[in-house]
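Quick notes on the structure that follows.
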Amino acid sequence: MHNKEIPTFASVFEQEVYEGLTAYPKYLSSKYFYDEIGDKLFQDIMAMPEYYLTNCEFDIFEEHKKKIVQHFINDGSPFSLFELGAGDGKKTKVLLKQLVDSKADFDYRPIDISHNVLKQLEDAIKKEIPEVTINTLQGTYFETLRDIGSANGKRKVILFLGSNIGNLLHPMAIEFLQNMRDSINEGDLIFMGFDQKKHPQVILDAYNDKTGITEAFNKNVLTRINKEMGGNFNTDNFLHWEVYDPESGTAKSYLVSKEAQEVNIESLELNIRLKRWETIHTEISQKYDDEVVEWLAEKAGLTVVTSFSDAEDNYKNYVFKK
Ligand code: AVI
């Protein structure tokens, strides 16, 4: 019998690239967009006028900050405010300032995979809102949720903003919400952003800007494979393509091969062929409505307490409890 060789991988990234590029149809996970360059590109995306999500969430916080923090403060007992994937904290600062003004007894515990991001955030908070006690936590969502779960004593409020949940398909989103649920107790809260269904063109424009920032962001996964695994992708040979299905609310990003091509990835000892117009699916950005959010929450054993939205209901932040 012929034994098929099982490749060994130096990292989960390598393994997932191998699996995704040898599958049909091909795929790569959007979690690999983010290295130093990808982080910067995402910052640029958040500053684009087409990428309405950031401004909507900022406006919701500005408009409803008093009511929002009232939910966090609850009975006035001390609490820790955790934030998963904290980023630059621009929006969170609105809530932190309001918490200080409301004399809340809390500490802020931002969590991010990047040391660099956390250091910058810590410096900014210490400078701009010195009243806030900040303790950063470095790690993946999964590891840190475990840490949150075992942190005893204070009440917990967990922030998960920016519709980051939208990068997970529903089954994964439910699993993620279940993990969040397992890390909190009765009386704790989860506060999350969910981008809403809207005019399909607005969504397509947000994920397909004319300046090409989103295209560069999408292609950064290929650039990373080139750098980190000795790949020889020519990113010019791919189109960035965005589709949005208004029925399911799913926006999907693809890299489409403009010509028949062969790519070699040295450290995977892998040669792949792409036909002309063959696709690599890279990202989903799910859009929601109240029914879907309630369904996800129920599946995960959470209850929707209330929600806050912008004037046009383009975006909503939901408060969940156990
Ligand atoms: C991080 N995440 C919520 C963004 C989104 O909207 O799906 C990532 C992104 N992809 C393209 N533009 C922004």
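Given the structure is predicted, the values throughout are model-derived calculations rather than measurements. As the structure lists them, so they are numbered: ligands from 1, and atoms in each ligand from 1.
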Can you tell me if Asp209 and Thr214 form a side-chain donor-acceptor pair at under 3.5 Å?
yes

Any donor and acceptor pair, going by atom type alone, linking the side chain of Tyr315 with main-chain N or O of Gly162 inside 3.5 Å?
yes

Once you measure the plane-to-plane angle for Phe191 and Phe72, does it fall in the parallel (<30°), tilted (30-60°) or perpendicular (>60°) bin?
perpendicular

How are the rings of Phe42 and Phe217 set relative to one another: parallel (under 30°), tilted (30 to 60°) or perpendicular (over 60°)?
parallel

Starting from the N and O atoms of ligand 1, collect every protein N/O partner closer than 3.5 Å and put each pair on its own line with the distance to 0.1 Å.
from     : atom 1 : to     : atom 2 : distance (Å)
ligand 1 : 2 (N)  : Asn167 : OD1    : 2.8
ligand 1 : 6 (O)  : Tyr51  : OH     : 2.5
ligand 1 : 6 (O)  : Tyr207 : OH     : 2.5
ligand 1 : 7 (O)  : Asn167 : ND2    : 2.9
ligand 1 : 7 (O)  : Ser285 : OG     : 2.6
ligand 1 : 10 (N) : Glu283 : OE1    : 2.8
ligand 1 : 10 (N) : Glu283 : OE2    : 3.2

How about Asp205 and Gln201: does a side-chain donor come under 3.5 Å of a side-chain acceptor?
yes

Do we see a donor-acceptor contact under 3.5 Å between the side chains of Lys316 and Tyr318?
no

